[in-house]
Amino acid sequence: MGYKPKLVCFSCKFGWAYLRDMNALGEDVEFLTPVECSGRLDALHLLKAFKERADGVLILACEEGHCHFQEGNFRTLKMLYLLRDVLEAHGIEKARVRIEFSLDPEGRKILGRIARMKESLSALGPLNRALL
Amino acid sequence: MGEKPKVAICWLGACGGCDEAIVDLNEGLLDVAEAVSIEFWPVAMDYKYDHLAAFGKGEIAVGLVSGHVRNSEHAEVAHLLRDRCKLVIALGACACFGGTPALANLVSREEILDAVYVKAPSVVNPDGRLPQVETAWEEEILRLPAFFDHVYALNQVIEVDYYLPGCPPPSELIRNGVRAVLTDDLPPKGSTLAPRKALCETCPRNKTKPMRLEIHGPIRRIHEVEADPEMCFLAEGILCMGPATRSGCGETCIRSNTPCRGCFGPVPGVSDPGSRFISSLAALLKVGTTGDPEAVMASLGDPVGYLYRFTHPVSTLGARRLSQATEETP
């Protein structure tokens, strides 16, 4: 009851909501950060998000074969496989990081994806920060 | 004798390897003893903490401190050294970054005590008795240091002036460090007394690194393969921390056909060598979009243990400062 998970969402500018004013998406997307490519994300960005009290991270990447920089989305996927082990060792469940591959120029799906992720974070409950 | 600068050498949570590296100066140690007066070195001679406490504030010119801080004794001695020494140099990977023992930060204090004092196969402890800070015994109170719930690097407990990394630091690096202090030829405070380049730049195998470095297929670990003694480890698909690690070690491991494990810590400007290495490894891995990246990543075995082997307490997720409150209620 009353638990509102903090979700940080990184979205690729080339595949998600490039026809839309991001600020108009509403207050539900408090920590939405557009990036030039999901491949621009460094493992450090995700670690810092969790250290700064995020409960989960959602990455909105381009569909397979549609990366503006050839394979930025795939590189991020590989990075996540490694990083998830690091997160899990610190008590951060794998389900707290999700990557979605799609194209959504008008940003119609963003609110839904964020809501869905927040729902599963609520089910997980607050992050156990004993080892952080 | 009084004019010679005084030196204190002390270990906290350490294995003694850093002190061994000082002994490895061999005849050079005689030159050091000629130039300075060693006033405190519990590993080598019979010194008690009272000897250290008897000095005045800042009376000792340099303190070479090895080891991490894990209990109240380490913290107390670290504070005492900070007070009595004008300069404090963190000696070795444990003092600089927490070192290998800091991987214990991935489990709780309770789990460690339970594993060591209750569940260990060689232990018979049906009552589950654990070490106590204070125990009454025949009208006396026996005391043990309090075991903290985290392993700290030295600079998370006291202010550190200079860093000499390595597991252990090469004797040459120690000699140069001591010389720099004696001749007052020191870089700005907070500097690491080692080269600024990444290990790859000084690695004798660098010339065998292909222009476009790629790792195909599963990542291999050194005990699983017979490595080519000349070839770049990463080019062979063997994990090597060289790109994310500071040079200055003399490439001892590389020359023994063993990949870098990162004991010199990150290159300047990088706070979290593990995450930096993850990002670069993700770029190097060519699994193809039809391949299974999860299986390739799983071939790494223990990524956390490998990537944060020496640096967990100074990493993004592991960093903490030892506050007075923690010291009182560990």
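FYI, side chains are in, hydrogens and waters are out, and symmetry mates aren't considered; it's all heavy atoms of this structure. Chain identifiers are assigned alphabetically (A, B, ...) following the order of the sequence lines, protein sequences preceding nucleic acid strands; residue numbering begins at 1 within each chain.
- Proximity to chain B is limited to the side chain of Leu77(A), based on heavy atoms less than 4.5 angstrom apart.
- Heavy atoms of other residues, nucleotides or ligands lying less than 6.0 angstrom from NZ of Lys48(A) number 12 at most.
- Lys51(A) contributes a side-chain N or O that, together with a main-chain N or O of Ala319(B), makes up a donor-acceptor pair within less than 3.5 Å.
- Applying the ring pair (Phe, Tyr, Trp, His ring centres under 6.0 Å) test to pairs two or more places apart or on separate chains, those with a residue in residues 86-132 of chain A are His90(A)-His312(B).
- Heavy atoms closer than 4.5 Å to chain B are found nowhere in Glu88(A), neither backbone nor side chain.
- Taking Leu87(A), Thr76(A), Ile92(A), Val86(A) one by one and counting their heavy-atom pairs under 4.5 Å with chain B, the maximum is reached by Val86(A).
- In this structure, CG in Leu281(B) is found 11.5 Å from CZ in Arg75(A), a value given to the nearest 0.5 Å.
- Sorted by first and then second residue, the pairs that involve residues 300-310 of chain B and meet side-chain hydrogen bond (donor to acceptor under 3.5 Å, both in side chains), not counting sequence neighbours, are Asp272(B)-Tyr308(B).
- The distance from the CG atom of Leu285(B) to the CE atom of Met79(A) is 13.0 Å, given to the nearest 0.5 Å.
- When each of Val107(B), Ile278(B), Asn105(B) is checked for heavy-atom pairs under 4.5 Å with chain A, Ile278(B) comes out on top.
- When the candidates Gly318(B), Ser275(B), Gly274(B) are compared by the number of heavy-atom contacts under 4.5 Å with chain A, Ser275(B) comes out ahead.
- Under a 3.5 Å cut-off, the side chain of Ser279(B) and the backbone N or O of Asp42(A) do not form any donor-acceptor pair.
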Quick one: side chains of residues 119-132 of chain A, donor-acceptor pairs under 3.5 Å with protein atoms, not counting sequence neighbours, listed by atom name and distance.
from, atom 1, to, atom 2, distance (Å)
Ser120(A), OG, Arg98(A), NH2, 3.2
Ser120(A), OG, Met117(A), O, 2.9
Ser122(A), OG, Lys118(A), O, 2.9
Asn128(A), OD1, Ala130(A), N, 3.1
Arg129(A), NH1, Phe50(A), O, 2.9
Arg129(A), NH2, Phe50(A), O, 3.0
Arg129(A), NH2, Ala54(A), O, 2.9

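- Proximity to chain B at a heavy-atom threshold of 4.5 Å picks out nothing from residues 8-20 of chain A.
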